[in-house]
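Hydrogens, waters and symmetry mates play no part in the numbers below; they use all other heavy atoms, side chains included.
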Amino acid sequence: MKKIGFWVAMLCVVALAGGASTAKKEPPPVEDLSGADTRGVTDKAGAEAQALAARQAELLAKTRVHFAFDSSTIDSEARAIIEAHASYLAANPQIRLALEGHCDERGTREYNLALGERRAQAVEKLMRVLGVGGNRVTTVSYGEEKPLDAEHNESAWRQNRRVEIQYKR
């Protein structure tokens, strides 16, 4: 009798295990969105596109890139402005521009002319990396000759350390 009980138990285990392995697994149901209201999705995408366009316009309105004291290194804020202008130039191949390098009044005239040139060239180099042809860009340095602010303090000097982006048609 023990043998029969053992075999009955074994048959049940085999039947259960076999049934589980041979059962067809259905894929999860796929939701049909063909008639669904997707306005929220497209509204969100449209809002994101509008926000991106507004940010691009805001950056393009900025035609000055500022630098730290005694530096021609482009920071992240300046890079965003330069990228926006490079994108605009890529979309408008007939437009050319001049990059005007400027410095504050500290330093010799010769040193400031050289630093202004390095600043203008740094902006030009980044624009070239971003796809703007070198034949569309000219650089010039004014050194300390054309200050935005004639005061003699850090606030004025900060404004005067810049590259001006000047479009030509």
Q: Mind running side-chain contact (heavy atoms from CB on, under 4.5 Å) on Arg79 and Leu126 for me, showing each step along the way?
A: CA-CA 8 Å; Arg79 183 178 177 87; Leu126 180 54; 3.1 Å; yes
Q: When clusters are formed by joining ILVMFWY residues with side-chain heavy atoms under 4.5 Å apart, either directly or through shared neighbours, do Leu148 and Ile165 land in the same one?
A: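 No, separate clusters.
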Q: Any donor-acceptor pair under 3.5 Å linking the side chain of Asn92 with the backbone of Gln94?
A: no
Q: Looking at every heavy atom in both Glu117 and Val140, which two are closest together, and how far apart are they?
A: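 Reported closest heavy-atom pair: OE1-C, 3.8 Å.
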Q: Among residues at least two apart in sequence or on other chains, which ones pass salt bridge (charged side-chain N to carboxylate O under 4.0 Å, His left out) with Arg161?
A: Asp104, Glu154
Q: How far does CD1 of Ile74 sit from CZ of Phe67, to the nearest 0.5 angstrom?
A: 5.5 Å
Q: Minimum heavy-atom separation for Lys168 and Ile95, please, with both atom names.
A: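 So the minimum-distance heavy-atom pair works out to O-CG2, 3.7 Å.
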Q: Do you know which two heavy atoms are closest between Ser72 and Ala122, and how far apart they sit?
A: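 Between these two residues, the closest heavy atoms are O-CB, 3.4 Å.
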Q: Of all heavy-atom pairs between Leu60 and Ala84, which one has the smallest distance, and what is that distance?
A: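 It is CD2-O, 3.5 Å.
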Q: Measure the spacing between CG of Leu130 and OG of Ser87 and express it to the nearest 0.5 Å.
A: 9.0 Å
Q: Taking all heavy atoms of Arg55 and all of Ala80, pick out the closest pair and write down the distance.
A: NH2-CB, 4.4 Å
Q: Using 0.5 Å steps for rounding, measure from the CG atom of Asp149 to the CZ atom of Arg158.
A: 10.5 Å
Q: Can you tell me how far SG of Cys103 sits from CD of Glu145, rounded to the nearest 0.5 angstrom?
A: 10.0 Å
Q: State whether the side chain of Arg128 and the backbone N or O of Val123 hold a donor-acceptor pair below 3.5 Å, judged by distance alone.
A: no
Q: As an exercise, state the distance from CD of Gln56 to CD of Glu83, rounded to the nearest 0.5 Å.
A: 9.5 Å
Q: Is Val132 reachable from Val65 through a run of hydrophobic residues whose side-chain heavy atoms are each under 4.5 Å from the next?
A: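 Same cluster: Val65 reaches Val132 through Ile, Leu, Val, Met, Phe, Trp or Tyr contacts under 4.5 Å.
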Q: Does a side chain donor of either Thr63 or Glu164 reach within less than 3.5 Å of an acceptor in the other side chain?
A: no
Q: Answer yes or no: are there more than 12 heavy-atom neighbours, outside Glu77 itself, under 6.0 Å from its atom CD?
A: no
Q: Does any N or O in the side chain of Ser141 come within less than 3.5 Å of the main-chain N or O of Leu113, such that one atom is a donor and the other an acceptor?
A: yes
Q: Would a 4.5 Å heavy-atom cut-off, applied to side chains only, mark Arg106 and Phe69 as touching?
A: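 Yes - at least one pair of side-chain heavy atoms lies under 4.5 Å apart.
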Q: With rounding to the nearest 0.5 angstrom, report the NE2 to CD distance, His152 to Glu105.
A: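 His152 atom NE2 to Glu105 atom CD measures 5.0 Å (nearest 0.5 Å).
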Q: Decide yes or no for Leu97 and Arg136: does some side-chain heavy atom of the first lie under 4.5 Å from some side-chain heavy atom of the second?
A: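 Counting from C-beta outward, Leu97 and Arg136 never come under 4.5 Å.
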Q: With a 3.5 Å cut-off and no angle check, do the side chains of Glu144 and Asn112 form a donor-acceptor pair?
A: yes
Q: Which word best sums up how the rings of His102 and Tyr142 line up, parallel for under 30°, tilted for 30 to 60°, or perpendicular for over 60°?
A: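 Parallel.
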Q: Distance-only, no hydrogens or angles: does the Arg162 side chain make a donor-acceptor pair with backbone N or O of Asn160 under 3.5 Å?
A: yes
Q: Taking it one step at a time, do Asp70 and Leu115 satisfy side-chain contact (heavy atoms from CB on, under 4.5 Å)?
A: CA-CA 7 Å; Asp70 196 27; Leu115 180 57; 4.2 Å; yes
Q: Does a salt bridge link Lys146 with Glu100, judged by any charged N lying under 4.0 Å from a carboxylate O?
A: no
Q: Provide the closest heavy-atom pair for Leu59 versus His85 in the form atom of the first, atom of the second, distance.
A: O-NE2, 3.7 Å
